[in-house]
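Note sheet for the following structure.
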Amino acid sequence: MSREPLSIGRVIGEVVDNFCPTVKMTVTYNSNKQVANGYELMPAVIAARPRVEIGGDDMRAAYTLIMTDPDAPSPSDPHLREHLHWMVTDIPGTTDASFGREVVSYESPKPTVGIHRYVFILFKQRARQTVRPPSSRDYFNTRRFSAENDLGLPVAAVYFNAQRETAPRRR
């Protein structure tokens, strides 16, 4: 769970501050495509909500999962930074996101211009039912959201890249 790929991918810096990962988080699409930092996934693969497994050693602990796009609407002009794609709160430790409370439904990534980063960030909550969902998906700010909900630094993060699939060319 090295932080280095998160720094190289500018997730640390543009989305979150430097942190030390303390909880294992595994993100898997279509039951066989595990997300790894910096890997590219095709939009068809990421259309459906992934399975997100949360580690830890205490089922009584509660976690908040955020999926965000810091490159909206395009990496060269991210004036909508960040766009919130998904949020699940009150996820018990040692389980997966399906055991939590989905407060912002999963929105399939549909990048139109350039290569976008999609970041999954996990925070440990101070208590259950203490996280308030944001009012909008656009202009979401992970740092501000964390501060407003007293979440502190992340305990895990992973990101992947995606870009628009080009239509097959006919001759």
Nearest heavy-atom approach of Asn32 to Thr28 is N-CG2, 3.7 Å

With the side chain counted from C-beta on, respond yes when Gln129 and Asp90 share a heavy-atom pair under 4.5 Å apart, and no when they do not.
-> yes

Would you confirm whether Glu107, through its side chain, and Leu84, through its main-chain N or O, come within 3.5 Å as a donor-acceptor pair?
-> no

Over 12 non-hydrogen atoms of neighbours within 6.0 angstrom of CG in Asp58 | yes

Are the side chains of Met87 and Phe145 in touch, meaning some heavy atoms are under 4.5 Å apart?
-> yes

Value for CZ (Phe123) from OH (Tyr63), rounded to nearest 0.5 Å, stands at 13.0 Å

Closest non-hydrogen contact found for Pro92 with Gly100 is CD-N, 4.5 Å

Side-chain contact, heavy-atom cut-off 4.5 Å: Val23 with Ile54?
-> yes

Side chain proximity check, Val27 to Pro50, heavy atoms < 4.5 angstrom | yes

Is there a side-chain contact between Val35 and Tyr118, using heavy atoms and a 4.5 Å cut-off?
-> no

Honestly curious: do Val16 and Val104 fall in one hydrophobic cluster under the side-chain, below-4.5 Å linking rule?
-> yes

Paired with Arg51, the side chain to side chain donor-acceptor pair (under 3.5 Å) test is passed by just one of Asp96, Asn30, Thr26, namely Asp96

Would you mind writing out the side-chain donor-acceptor pairs for residues 65-73 within the sub-3.5 Å range, not counting sequence neighbours?
{"from": "Thr68", "atom 1": "OG1", "to": "Glu82", "atom 2": "OE1", "distance (Å)": "2.9"}
{"from": "Thr68", "atom 1": "OG1", "to": "His83", "atom 2": "O", "distance (Å)": "3.3"}
{"from": "Asp69", "atom 1": "OD1", "to": "Asp71", "atom 2": "N", "distance (Å)": "2.7"}
{"from": "Asp69", "atom 1": "OD1", "to": "His116", "atom 2": "ND1", "distance (Å)": "3.3"}
{"from": "Asp69", "atom 1": "OD2", "to": "His116", "atom 2": "ND1", "distance (Å)": "2.9"}
{"from": "Asp71", "atom 1": "OD1", "to": "Arg117", "atom 2": "NE", "distance (Å)": "3.4"}
{"from": "Asp71", "atom 1": "OD1", "to": "Arg117", "atom 2": "NH2", "distance (Å)": "2.7"}
{"from": "Asp71", "atom 1": "OD2", "to": "Arg117", "atom 2": "N", "distance (Å)": "2.7"}
{"from": "Asp71", "atom 1": "OD2", "to": "Arg117", "atom 2": "NE", "distance (Å)": "3.0"}

OG1 on Thr142 to CD1 on Ile121, rounded to 0.5 Å = 4.0 Å

Closest non-hydrogen contact found for Val45 with Lys33 is CG1-CG, 3.8 Å

Would you sort out whether Val52 and Trp86 count as a side-chain contact (heavy atoms from CB on, under 4.5 Å), showing the intermediate values?
-> CA-CA 12 Å; Val52 181; Trp86 193 30; 3.8 Å; yes

Decide if atom CE of Met59 counts as having more than 12 heavy atoms of other residues, nucleotides or ligands within a radius under 6.0 Å.
-> no

In terms of hydrophobic clustering (I, L, V, M, F, W, Y; side-chain heavy atoms under 4.5 Å; direct or indirect links), are Tyr106 and Leu41 co-clustered?
-> yes

Distance (rounded to the nearest 0.5 Å) between Thr112 OG1 and Arg164 CZ = 7.5 Å

Exercise: identify the closest heavy-atom pair between Arg143 and Asp17 | NE-OD1, 2.8 Å

Distance-only donor-acceptor hits, side chain of residues 152-163, under 3.5 Å, sequence neighbours excluded:
{"from": "Asn161", "atom 1": "ND2", "to": "Gly38", "atom 2": "O", "distance (Å)": "3.0"}
{"from": "Gln163", "atom 1": "NE2", "to": "Glu40", "atom 2": "OE2", "distance (Å)": "3.0"}

Rounded distance [0.5 Å steps], NE2 in His85 versus NZ in Lys110 | 9.0 Å

Is a salt bridge present between Arg81 and Glu14, judged by a nitrogen-to-oxygen distance below 4.0 Å?
-> yes

From Ile91 CD1 over to Arg101 CZ, what is the distance, rounded to the nearest 0.5 angstrom?
-> 11.0 Å

Shortest non-hydrogen contact from Arg128 toward Ala61 | NH2-O, 3.8 Å

Over all atoms of both residues, closest heavy-atom pair of Pro111 and Pro109 | CD-C, 3.6 Å

Within-4.5 Å side-chain heavy-atom neighbours: Arg49 and Glu102 = yes

Donor + acceptor pair across side chains of Thr64, Gln125 (<3.5 Å) = yes

Measure the CG-CD distance between Asn141 and Glu148 for me, rounded to the nearest 0.5 Å.
-> 8.5 Å

